[in-house]
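Here is the structure we will look at, set down as structure tokens.
One is the number of the first residue; the rest follow in order along the sequence. Values reported hereafter were calculated over all heavy atoms of this structure, with side chains retained and with hydrogens, waters and symmetry mates removed.
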Amino acid sequence: MLTPKQRVRAVVTAITDGTTAGPEQLQGLPAEAVLEVERDQQAPMADAYREFLSLIGGGAGRFMRGEDVYYSRVLGLGTAARELLDENNSPFRFGPTDRVFSMHQGYQFEFMRGAGPDPEVWSYSEGMHADVPVRSHASFTDWLRATAAAEIPVWKRHAETVREEINADGSVTEYW
């Protein structure tokens with residue numbers, strides 16, 4: 001049985017297929033940046049998430065492009081998630097082990113719940129499930145694996161039809 005860190009590494013290996021991401025596009029975070037992410041929220045940082053940040057916390061090619069999951073956009077997600085819940089009059093309140101790690105366009109987010117090395121993942125999407133989060137994956141690494149499984153075939157299918165332009169600020173604009 002693989003450890004959570006090994007499971008994260010296996011997903012990173014899978015996305016490093018030359019299309020979703022190339023080896024040169026894997027941007028791990030230095031220890032200081034990982035510590036900054038850890039201090040950004042009160043909840044404990046899971047081993048699996050720490051490994052994710054260390055290996056690809058700064059980006060990984062096309063993988064999860066457009067999601068607020070990479071440094072520095074991950075900073076402040078706990079506050080943004082609380083604000084979204086308040087805006088929607090959600091009765092839900094975060095517990096002491098809840099750490100928001102992903103947000104999509106300001107209307108949905110994912111967070112880890114639990115203090116173990118690979119906690120479960122809960123998801124919130126504005127207007128869904130009576131405006132409360134629901135458990136979506138048994139662990140962070142299950143979420144990561146499912147995300148990779150969904151994205152890898154999409155990038156393989158569209159790699160030849162997507163034209164990328166690198167902007168002056170280093171960001172990428174895609175033309176489909």
Side-chain angles (χ1 to χ4, degrees), residues 1-81 97-105 109-123 136-156 158-159 162 164-174:
M1 186 160 159
L2 297 177
T3 68
K5 288 181 179 183
Q6 291 169 324
R7 292 177 70 182
V8 171
R9 285 186 217 121
V11 172
V12 171
T13 298
I15 65 166
T16 312
D17 59 7
T19 302
T20 309
E24 73 285 356
Q25 295 175 307
L26 304 181
Q27 299 174 35
L29 294 181
E32 306 83 45
V34 173
L35 187 57
E36 184 180 2
V37 173
E38 183 173 8
R39 290 179 176 160
D40 184 59
Q41 296 180 48
Q42 294 295 314
M45 184 178 283
D47 292 346
Y49 185 53
R50 185 181 309 281
E51 187 73 1
F52 167 86
L53 293 172
S54 296
L55 295 175
I56 61 170
R62 293 177 170 126
F63 185 59
M64 292 193 285
R65 185 178 287 168
E67 302 295 318
D68 293 339
V69 69
Y70 296 123
Y71 184 84
S72 66
R73 296 183 75 149
V74 73
L75 299 174
L77 288 186
T79 300
T97 65
D98 296 342
R99 175 177 287 274
V100 180
F101 66 90
S102 175
M103 185 169 270
H104 179 74
Q105 297 184 354
F109 61 85
E110 278 80 34
F111 64 96
M112 287 171 272
R113 173 165 266 188
D118 196 9
E120 60 191 24
V121 171
W122 288 58
S123 300
S136 57
H137 293 86
S139 67
F140 174 77
T141 56
D142 284 349
W143 172 85
L144 186 61
R145 187 173 51 233
T147 302
E151 287 194 21
I152 290 169
V154 171
W155 287 116
K156 286 188 185 304
H158 292 294
V162 177
E164 295 179 343
E165 186 175 290
I166 300 175
N167 303 311
D169 66 357
S171 64
V172 177
T173 300
E174 295 171 341

What's the shortest heavy-atom distance between Val69 and Trp143, and which atoms? CG2-CH2, 4.4 Å
So, the side chain of Arg145 versus the backbone of Val11: is there a donor-acceptor pair under 3.5 Å, distance only? no
Give a yes or no on this: more than 12 heavy atoms of other residues, nucleotides or ligands lie within 6.0 Å of atom CD of Gln6. yes
Heavy-atom donor-acceptor pair, Ser136 side chain to Val121 backbone, under 3.5 Å: yes
Any heavy-atom pair between the side chains of Phe109 and Leu77 that's under 4.5 Å? no
Look at the side chain of Arg73 and the backbone N and O of Gly66, then say whether any donor-acceptor pair between them is shorter than 3.5 Å. no
Asp118 side chain to Ala48 backbone, donor-acceptor under 3.5 Å: no
For Glu151, enumerate each residue passing the salt bridge (charged side-chain N to carboxylate O under 4.0 Å, His left out) test, keeping only those at least two apart in sequence or located in another chain. none
Counting distance only, does the side-chain N/O of Asn167 pair as donor-acceptor with the main-chain N or O of Asp169 below 3.5 Å? no
Gap separating the NE2 atom of His104 from the OG atom of Ser123, nearest 0.5 angstrom: 12.5 Å
So does Glu51 pair up with Arg7, basic N to acidic O under 4.0 Å? no
Would you call the rings of Tyr49 and Phe140 parallel, tilted or perpendicular, where under 30° means parallel and over 60° means perpendicular? perpendicular
What are the two closest non-hydrogen atoms of Val100 and Ala81, and how far apart are they? CG2-CB, 3.8 Å
Does a donor on one side chain sit under 3.5 Å from an acceptor on the other, for Gln27 and Tyr70? no
